[in-house]
Amino acid sequence: MATKLSDEYRGELLSQLSEWTLASDRDALSRTFAFRDFNEAFGWMTRIALIAEKLDHHPEWTNVYNSVTVTLTTHDAGGLSDLDIKLAQAMDLIAGQTSSGGGGGGD
């Protein structure tokens, strides 16, 4: 079971995630990714789904055409854990590898 991040460690890790924002209503991270088109967005989601399955940690996300909005939190830990940070970093990395660069700003 994942452990909720301590305040000190949380600040250090969150500083490495430039386009992610903290949710105002719960202990979660969110970001919106923009892609060239639906195919690119869905392909990115497929790649992330494989990583999420390996981590046994699944995102809350929605897809509308070329946009994917993601919320990460660890329900078992009652908030953010290292699993959320790992998945956010993987999402950023793979978005950067797409032909459009992943684009999009924070939520």
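The residues Arg26 and Glu60 are annotated as salt-bridged, a charged nitrogen and a carboxylate oxygen being separated by less than 4.0 angstrom.
A distance-only check finds a donor-acceptor pair linking the side chain of Ser6 to the backbone of Tyr9 [under 3.5 Å]. The closest donor-acceptor contact from the side chain of Asp84 to the backbone of Ser81 lies under 3.5 Å. With hydrogens and angles disregarded, a donor-acceptor distance shorter than 3.5 Å links the side chain of Glu40 to the backbone of Arg36. Remark: side-chain polar atoms of Asn66 are not paired, donor with acceptor, to backbone N or O of Phe38 under 3.5 angstrom. When atom types are taken as modelled, the side chain of Ser67 and the backbone of Val64 share no donor-acceptor pair closer than 3.5 angstrom.
The neighbour count for Tyr65 OH, taken as heavy atoms of other residues, nucleotides or ligands under 6.0 Å away, is above 12.
In plain terms, the two heavy atoms of Ala52 and Pro59 that are nearest each other are CB-CD, 4.0 Å. Smallest separation of non-hydrogen atoms from Asp27 and Gly79: OD2-CA, 3.3 Å.
Contact annotation: the side chain of Arg31 never approaches that of Met91 to less than 4.5 Å [non-hydrogen atoms, C-beta and beyond]. Counting heavy atoms from C-beta on, the side chains of Leu87 and Leu55 come closer than 4.5 Å. The side-chain heavy atoms of Ile51 and Ile94, taken from C-beta on, include a pair separated by under 4.5 Å. Annotation: side chain of Leu29 is not in contact with side chain of Thr73 (no heavy-atom distance under 4.5 Å). The shortest side-chain heavy-atom distance between Leu93 and Gln89 does not fall under the 4.5 Å cut-off. The side-chain heavy atoms of Met45 and Val68, taken from C-beta on, include a pair separated by under 4.5 Å. Contact of the Ile48 side chain with the Trp61 side chain is registered, since non-hydrogen atoms from C-beta on lie closer than 4.5 Å. At a threshold of 4.5 Å between non-hydrogen side-chain atoms, the residues Glu53 and Leu50 do not count as touching.
If you check the side chains of Ser30 and Thr71, you find no donor sitting under 3.5 Å from an acceptor.
Here the NE2 atom belonging to His57 is positioned 10.5 Å from the NZ atom belonging to Lys86, to the nearest 0.5 angstrom. The CG atom of Leu80 lies 6.5 Å from the CG atom of Leu22; values are rounded to the nearest 0.5 Å.
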